[in-house]
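Remember, predicted model here, so these are calculated numbers, not experimental data.
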Amino acid sequence: MNVIVVLLIVLAVGAIIIGGLHFFFSSGEEEPVVTKPTCDTCNGNDNRCEQECMMEAATKQVEYFDDEDLDRFAGKPSDSYSEEEVEEFREVLYTMRHEEAKAWNRSLILRQVNVPDQLKDELVMMMEEI
């Protein structure tokens, strides 16, 4: 019986010593959990993430945002849109939620539709508001 009590006391003292050493040698701050970014969390600061998302998107079906009529502009240079054509893009842009802007931009890229130069700043601002 005394042996069991002594063993329990030794185990308790050992646990206290190990806990104290861990506390003493650790900075008191826990290591941050590092998660791999996903396409939902890409913010444009990590080029690798953006490239991986474009490659992933290229293997999926193209997502449309009620903008199928913009496909007729595929291959058209971004600096050659008329004001009426820019308004078509603007109408689509401002009818979507801010968090959809990046996905819409990816969709246009995959469809080889260039965003008009006149609208690029607005699109970037909307993507950054997320």
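Once rounded to the nearest 0.5 Å, the distance linking CD of Glu99 with CE of Met96 reads 10.5 Å. Note that CG of Asn105 and CE of Met127 are 5.0 Å apart. Values are rounded to the nearest 0.5 Å. To the nearest 0.5 Å, atom OG1 of residue Thr95 and atom CH2 of residue Trp104 are 8.5 Å apart. Here the straight-line distance linking atom CZ of Phe65 with atom CD of Glu100 works out to 5.5 Å at 0.5 Å rounding. Considering CE of Met126 and CZ of Arg97, their distance stands at 11.5 Å, rounded to 0.5 Å. Distance check, rounded to the nearest 0.5 Å: CD of Glu128 to NZ of Lys102 gives 9.0 Å.
When all heavy atoms of Leu70 and Arg111 are compared, the pair lying nearest together is CB-NH2, 4.0 Å. Smallest separation of non-hydrogen atoms from Asn114 and Pro77: ND2-CA, 4.1 Å. The minimum heavy-atom distance linking Leu93 with Leu123 is given by the pair CD1-CD1, 3.7 Å. Taking all atoms of both residues into account, the shortest heavy-atom contact from Tyr81 to Phe89 is CE2-CE1, 3.6 Å. Considering all non-hydrogen atoms of both residues, Ser107 and Val62 come closest at OG-CG1, 3.6 Å. The two residues Glu63 and Ala103 make their nearest non-hydrogen contact at OE1-CB, 4.1 Å.
Asp71 and Tyr64 are linked by a side-chain donor-acceptor pair at a separation below 3.5 angstrom, with hydrogens and angles left out of the test.
With sequence neighbours excluded, no residue satisfies side chain to side chain donor-acceptor pair (under 3.5 Å) with Glu83. For Arg90, the side chain to side chain donor-acceptor pair (under 3.5 Å) partners are Glu87, Glu122, not counting sequence neighbours.
Applying the 6.0 Å contact sphere to CG of Asp79 captures more than 12 heavy atoms from other residues, nucleotides or ligands. In Asp121, the CG atom is not crowded: 12 or fewer heavy atoms of neighbouring residues, nucleotides or ligands sit closer than 6.0 Å.
In the hydrophobic cluster analysis, where Ile, Leu, Val, Met, Phe, Trp and Tyr join through side-chain heavy atoms closer than 4.5 angstrom, Val92 is grouped together with Tyr94.
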